[in-house]
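This structure is a prediction, so every number in the text was calculated from the model and none was measured. Throughout, a chain's letter reflects where its sequence line sits, starting with A, and its residues are numbered from 1.
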Number of protein chains: 2
Amino acid sequence: MAFIFVVDDEEDIRELLKYNLIQDGHRVSTFENGSQCLKAVESEKPDLILLDVMMPMMDGIEVCEALKNNPENEDIIICFLTARSEDYSQIAGLEAGGDDYISKPIKPKVLMSRIHALLRRKVKLDVKDVISQELKINRERYLVEKDGMEIQLPRKEFELLALLASRPDFVFKREIILEQVWGSEVVVGDRTIDVHIRKLREKIGEHTISTVKGIGYKFNR
Amino acid sequence: MAFIFVVDDEEDIRELLKYNLIQDGHRVSTFENGSQCLKAVESEKPDLILLDVMMPMMDGIEVCEALKNNPENEDIIICFLTARSEDYSQIAGLEAGGDDYISKPIKPKVLMSRIHALLRRKVKLDVKDVISQELKINRERYLVEKDGMEIQLPRKEFELLALLASRPDFVFKREIILEQVWGSEVVVGDRTIDVHIRKLREKIGEHTISTVKGIGYKFNR
DNA sequence: TTAGTTATTTAAGAAAAAATTAACAATTGA
DNA sequence: TCAATTGTTAATTTTTTCTTAAATAACTAA
């Protein structure tokens, strides 16, 4: 579902978080300090980093700043882990680029609902070509390859397809689709999605996208 | 993207720069003093050197002079790193052959945009002729060869073509085109791109460049 | 089965984006 | 400096894409 880094100097916390996150279907890497994490980010970018604020050597805020200084990392969601005793206003006020914070002691249910909320905002597909059976999506070239044939899709159709294909089999709710493809400000009706779905199905095959009534649509693997 | 040397006596600075440059896709070698750097230049020439001015033993200006004494190194871009307290006029006045300077403390974003600007100047010089089917682009001579016929293109048209042709099939967004061909400071309208595209198509053929509505343009392989 | 809800389909019109044209400004070079 | 070339803008037209509306079909649950 998502690729998540956990950075905390205490092993217990790392294990707790890892266990819960994996249960929830995510891929997880843990690090016991900031520099390990930064190094790892160079080779593979996670979707989200859970970052302890209080750590020896390099604190979470520094790690966050180091990350956010690089535009390539702007898509990574940072969520701080703070001890309850720490000053919230301080955390909230730091403009280091964090997206949220969760205070310890960590309640797994709270953690998970926060993570879900954060990931929902993201979903911004990575730039790599998503490949799925006889269908290839090339984000750089803005085109779709179906059985070797190149198909040019209009912008919205392309983005819609790219979104759905970013997580095959995952059902995207209509609201999420609107949020991701149209953006939160723009207000368009639900029918608009249908029409685009229809055009997509015409172009890339009826079976590739299926409807989940009452919920939304999904891309079939 | 480019091969960059970093010369600074402080390890922290070296690491910071290296980290950011690598993130940006460059190949980086670091040196803690001038003579190490000079020796390395003999075996492989970098595209750009980030050179601290204040260093024990041999300062950055001496290094620069030593480099520029050898005509073989004239293509290497030198960018000085200076402490804020140092006298700018002194730096600016030194005719040692530096191309730019960045003052400490270094803000990675500033650094990167400078580096981009410097490299943009360079890339134009040393990228060899891009060849694509019956079309050859000669960056040194600023002309295009179409079916053996030489076509002289105006500067902007040439740069636009050269940019698109540097990555055939890749869709360049309008904003990127503006950034690369016109530069980030200059503000020109989107229609300007259209007009240049049109002139290009007239001269080198309609099919060579295609439009991706809502996104930008691409050069067809 | 049937009412109620939700999705599909179609066609048409609105909106957005790009192409085109022509005129004007800036630059260059003689 | 003047003429020619190059670059930019503005206005208009054309094309493409997006959205809506309305009728129909499909599904769901009582």
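Here Phe219(B) and Tyr217(B) keep their ring centres 6.0 angstrom or further from each other.
Contact between the side-chain N/O atoms of Arg191(A) and the OP1/OP2 oxygens of dA21(D) is not found at any separation under 4.0 Å. Here Trp182(A) reaches the OP1 or OP2 of dT19(D): one of its side-chain N or O atoms lies under 4.0 Å away. Contact between the side-chain N/O atoms of Tyr217(A) and the OP1/OP2 oxygens of dT8(C) is found at a separation under 4.0 Å. For Arg198(A) and dA7(C), the shortest distance from a side-chain N or O to OP1 or OP2 is not below 4.0 Å.
Nucleotide dA11(D) holds its P atom 16 Å from the CG atom of Asp194(B), rounded to whole Å. Distance CD (Gln152(B)) to C1' (dT28(C)): 14 Å, rounded to an integer number of Å. Between the P atom of dC18(D) and the CG atom of Leu160(A) lies a distance of 11 Å, rounded to the nearest Å. Atom CD in Glu159(B) sits roughly 14 Å away from atom P in dT6(D) (whole-Å rounding). Regarding Leu200(A), its CG atom lies at a distance of 13 Å from the P atom of dT17(D), rounded to whole Å. Atom-to-atom, CD1 of Ile197(A) to P of dC18(D) comes out at 14 Å; the value is rounded to the nearest Å. At whole-Å resolution of the value, CD1 in Ile177(B) and C1' in dG7(D) are 16 Å apart. Following rounding to the nearest Å, Lys203(A) (NZ) and dC18(D) (C1') show an atom-to-atom distance of 11 Å.
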**Step-by-step side chain to side chain contact (heavy atoms under 4.5 Å, CB included) determination, Leu17(A) to Ile4(A)** = CA-CA 10 Å; Leu17(A) 292 172; Ile4(A) 300 179; over 6 Å; no
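Rounding to the nearest 0.5 Å places CZ of Arg201(A) at 14.0 Å from NE2 of His196(A). Remark: Leu200(B) CG to Leu161(B) CG distance equals 5.5 Å, nearest 0.5 Å.
When distances run from any side-chain atom of His196(A) to the nucleotides dG7(D), dC18(D), dT6(C), the shortest one goes to dC18(D). Residue Lys199(A) places its side chain closer to dC18(D) than to any other of dA18(C), dC18(D), dA21(D). The nucleotide whose nearest atom lies closest to any side-chain atom of Thr192(B) is, among dA7(C), dC18(D), dT8(D), dT8(D).
Two residues, Val188(A) and Val195(B), neighbour DNA chain D, and the one matched to the more 5' nucleotide by heavy-atom proximity is Val195(B). Each of Leu153(A) and Lys213(A) lies near DNA chain D, and the nucleotide nearest Leu153(A) is the one positioned closer to the 5' end. Position along DNA chain C of the nearest nucleotide to Glu202(B) versus Arg155(B) favours Glu202(B) as the more 5'-ward residue.
Residue Lys156(B) is in sugar-phosphate contact alone, with no base atom involved, counting any heavy-atom pair closer than 4.0 Å across all strands shown. Among the protein residues, Thr211(B) comes within range of the sugar-phosphate backbone only, with heavy atoms under 4.0 Å from sugar or phosphate atoms but none that close to a base.
Arg155(B) CZ: 12 or fewer foreign heavy atoms inside a 6.0 Å radius.
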